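Worksheet: the structure to be examined is printed underneath.
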2 protein chains.
Amino acid sequence: MKTALSKNRLPLHVEISEMLAREIQAGILADGSRLASERLMADELGVAVGTLRKALLELTQKGLLERVQGSGNYVRKPKQSQNIDTIYSFFRLELLKGGGLPTAQVLSVERLNKAEYFPALGPQFGTAADGFRIRRLRRLNSINSAIEEIWIDAPKNRNVSVEDLSDSLYLFYRENLKFWITGVEDQVSVNKIPDWTPITFAQKTSASSLNNEHKIWGYIERKSYDQTNMLAEYSLTWFNPEVARYVARIK
Amino acid sequence: MKTALSKNRLPLHVEISEMLAREIQAGILADGSRLASERLMADELGVAVGTLRKALLELTQKGLLERVQGSGNYVRKPKQSQNIDTIYSFFRLELLKGGGLPTAQVLSVERLNKAEYFPALGPQFGTAADGFRIRRLRRLNSINSAIEEIWIDAPKNRNVSVEDLSDSLYLFYRENLKFWITGVEDQVSVNKIPDWTPITFAQKTSASSLNNEHKIWGYIERKSYDQTNMLAEYSLTWFNPEVARYVARIK
DNA sequence: CTTGTTAATTGATACACTATTGATATATTG
DNA sequence: CAATATATCAATAGTGTATCAATTAACAAG
């Protein structure tokens with residue numbers, strides 16, 4: 001008998017709800033903050049208001065959102081209690097002592113020809129000939145923790161500049177580029193830090209003999225898929241193992 | 001239906017139901033995922049919709065499926081049968097070229113006093129004064145890939161020997177120790193390989209300059225929680241980054 | 001500075017419409 | 001009873017628009 005593997009996507013409102021739940025859980029959407037208006041948000045996501053409202057209803061049922069007519073929708077992040085039900089899994093960088101508020105400093109944003117500049121071993125993604133290459137520093141509690149190179153597709157009509165990019169790229173993708181991430185795969189290994197690593201960055205790390213001579217750091221390759229299941233973002237991250245570690249949890 | 005497998009055994013709908021139950025059990029059909037529509041699925045299986053629906057009814061009665069008219073059929077995996085140990089697990093080691101059949105060779109199993117031998121920085125776990133320390137080699141497609149140290153609680157009446165651990169550890173936990181793993185947290189970083197690494201193991205790795213001088217490998221600390229949400233297993237894994245990598249996936 | 005009114009914004013509700021999907025019923029063949 | 005095949009019903013998903021109700025911001029009057 002043939003196996004019946006074919007699966008389907010979850011309903012759109014569920015996927016949106018889960019995406020927002022993850023962003024709340026990760027702190028990308030801060031506790032107490034107000035979401036954009038439903039009309040605007042629906043427009044950014046490219047869905048009807050009714051669909052978005054279904055997603056928001058599910059968030060309120062999970063206790064992650066408070067909705068006030070005439071005022072707005074407010075993020076509510078309950079203490080560890082109810083979270084157990086809503087959070088299944090996540091991956092992130094965190095400080096060795098745990099946690100850490102993530103921030104980032106963009107070093108460069110460049111439109112580059114994929115054939116010429118994109119990593120040879122990287123995956124195919126997007127339809128344009130060019131891609132945007134974003135390089136940035138990542139900090140946790142203001143401590144230099146990792147450097148990162150991110151690739152997204154660069155169609156003719158898409159433009160990205162350093163000023164556009166806040167700490168969370170996901171918010172930028174959703175609000176400006178009209179796509180959002182519904183699935184990721186991380187491959188974690190070790191690697192030498194790249195030649196473009198800022199000198200000040202590497203120097204600020206301790207002088208331990210463990211990794212100093214060869215600058216061998218933790219290394220993450222991430223493939224992120226959007227709502228149409230296309231590879232929308234490819235990133236490479238080198239993290240300093242004396243400062244941070246990669247954490248994955250599943251419940 | 002004229003496939004070779006269905007040779008006058010059980011009714012077709014029972015066979016289909018059992019096949020799907022196996023796939024749910026194995027994690028091929030993940031908890032929460034949505035099946036293809038009944039019409040499409042029946043077509044793929046080469047059976048009539050009515051037959052498929054009988055099979056789905058049986059899954060519903062076993063509690064493995066939730067059916068929602070107008071929306072879809074959703075996999076529901078009861079907590080009792082949730083276990084992380086499937087080849088489709090979202091957190092795993094794999095070969096650099098992808099995949100790899102995991103096997104293991106146990107080096108030692110010892111009952112040791114926790115206070116004396118358990119890693120100082122490790123977490124509290126269990127109630128007994130002793131713990132079992134299991135050390136083993138892990139292979140992927142028979143290729144040496146990682147070494148691993150695992151700790152589980154060692155109450156007075158619990159006994160573990162090398163012979164017990166031929167198969168999957170999770171299977172042993174479940175069948176002999178009466179607990180099963182429902183959640184894990186992995187912390188991934190880099191570290192020197194421990195002094196008990198078998199010489200033959202380390203030598204077999206390539207002579208690349210990347211990690212040869214300091215033997216800096218990928219390093220995973222895993223905390224595994226059982227059905228009562230207690231820390232039931234704590235493991236430390238060193239993996240050779242020239243052979244394997246750690247992979248995490250969501251969605 | 002406070003107060004009251006007005007206008008704009010925002011969430012809530014309702015409805016129309018299309019498409020998909022599970023549920024039900026029936027007829028037919030072994 | 002098992003299985004196929006077909007038609008029809010009912011619930012959900014999603015888009016789109018209009019309207020109501022609560023809140024907020026703006027502003028003029030005192």
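Sequence lines set the chain letters: A, B, ... in the order given, protein chains first and strands last, and positions in each chain run from 1. Everything numeric here is computed off the predicted structure, so don't read it as measured data.
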Quick one: ring-ring contact (aromatic ring centres under 6.0 Å, His included) partners of [X], sequence neighbours excluded?
| X | value |
| --- | --- |
| F239(B) | none |
| Y225(B) | none |
| F132(A) | none |
| Y219(B) | W238(B) |

Could you go step by step and tell me if R245(B) and E221(A) meet the salt bridge (Lys or Arg N to Asp or Glu O under 4.0 Å) rule? CA-CA 11 Å; R245(B) 66 184 164 219; E221(A) 277 181 57; 6.0 Å; no

Restricting to nitrogen or oxygen on both sides, can you table the protein-nucleotides 7-11 of chain D pairs closer than 3.5 Å?
from    : atom 1 : to     : atom 2 : distance (Å)
dA10(D) : N3     : Q69(B) : OE1    : 2.8
dA11(D) : O4'    : Q69(B) : OE1    : 3.3

With sequence neighbours excluded, tell me which residues meet side-chain contact (heavy atoms from CB on, under 4.5 Å) with [X].
| X | result |
| --- | --- |
| E38(A) | V49(A), L52(A), R53(A), L56(A), R67(A), N73(A) |
| E175(A) | E44(A), L171(A) |
| T103(B) | R139(B) |

Nearest-Å distance for atom pair [atom1]/[atom2], residues [X] and [N]:
| X | N | atom1 | atom2 | value |
| --- | --- | --- | --- | --- |
| L12(B) | dA5(D) | CG | C1' | 15 Å |
| N8(A) | dT21(C) | CG | P | 7 Å |
| R9(A) | dT20(C) | CZ | P | 17 Å |
| E66(B) | dA23(C) | CD | P | 11 Å |
| H13(A) | dT12(D) | NE2 | C1' | 8 Å |

Using distance only, find each side-chain donor-acceptor pair of residues 153-160 of chain A under 3.5 Å and give its atom names and separation, not counting sequence neighbours.
from    : atom 1 : to      : atom 2 : distance (Å)
D153(A) : OD1    : K114(A) : NZ     : 2.7
D153(A) : OD1    : A128(A) : N      : 3.4
D153(A) : OD2    : T127(A) : N      : 3.0
D153(A) : OD2    : A128(A) : N      : 3.3
R158(A) : NH1    : D153(A) : O      : 2.9

Taking only side-chain N and O atoms of N73(A), does any of them lie within less than 4.0 angstrom of OP1 or OP2 on dG11(C)?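 Yes, because at least one side-chain N or O of N73(A) sits under 4.0 Å from OP1 or OP2 of dG11(C).
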
Closer to the 5' end of DNA chain C via nearest nucleotide, is it E38(B) or R67(A)?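 Final value for this comparison: R67(A).
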
Please list each protein N or O that sits under 3.5 Å from an N or O in nucleotides 26-29 of chain C, with the distance.
none

Mutual orientation of the aromatic rings belonging to F125(A) and F118(A) [parallel < 30°, tilted 30-60°, perpendicular > 60°]: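 Answer is tilted, since the angle falls between 30° and 60°.
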
Students often mix this up, so state it plainly: with edges at 30° and 60°, are the rings of Y170(A) and Y173(A) parallel, tilted or perpendicular?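 Tilted: the ring planes of Y170(A) and Y173(A) meet at 30° to 60°.
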
Test applied, salt bridge (Lys or Arg N to Asp or Glu O under 4.0 Å); reference residue, D186(A); option that passes from K223(A), R222(A), R92(A):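 That would be R222(A); it is the only one of K223(A), R222(A), R92(A) passing the salt bridge (Lys or Arg N to Asp or Glu O under 4.0 Å) with D186(A).
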
Less than 6.0 angstrom from the centroid, inside 45 degrees of the normal: does R174(A) satisfy that with respect to the ring of W180(A)?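 The answer is no, since R174(A) fails at least one limit relative to W180(A).
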
In residues 42-58 of chain A, what residues come within less than 4.0 Å of DNA chain C, judged by heavy atoms?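 Residues of residues 42-58 of chain A under 4.0 Å from DNA chain C: R53(A).
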
Starting at the 5' end of DNA chain D and moving along, which residue's nearest nucleotide shows up first, P11(B) or R34(A)?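 Its nearest nucleotide being more 5', the pick is P11(B).
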
Please round to 10 degrees the angle between the axis of the first five pairs and the axis of the last five pairs in the helix from dC1(C)-dG30(D) to dG30(C)-dC1(D).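 Axis-to-axis angle, ends of the helix: 30°.
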
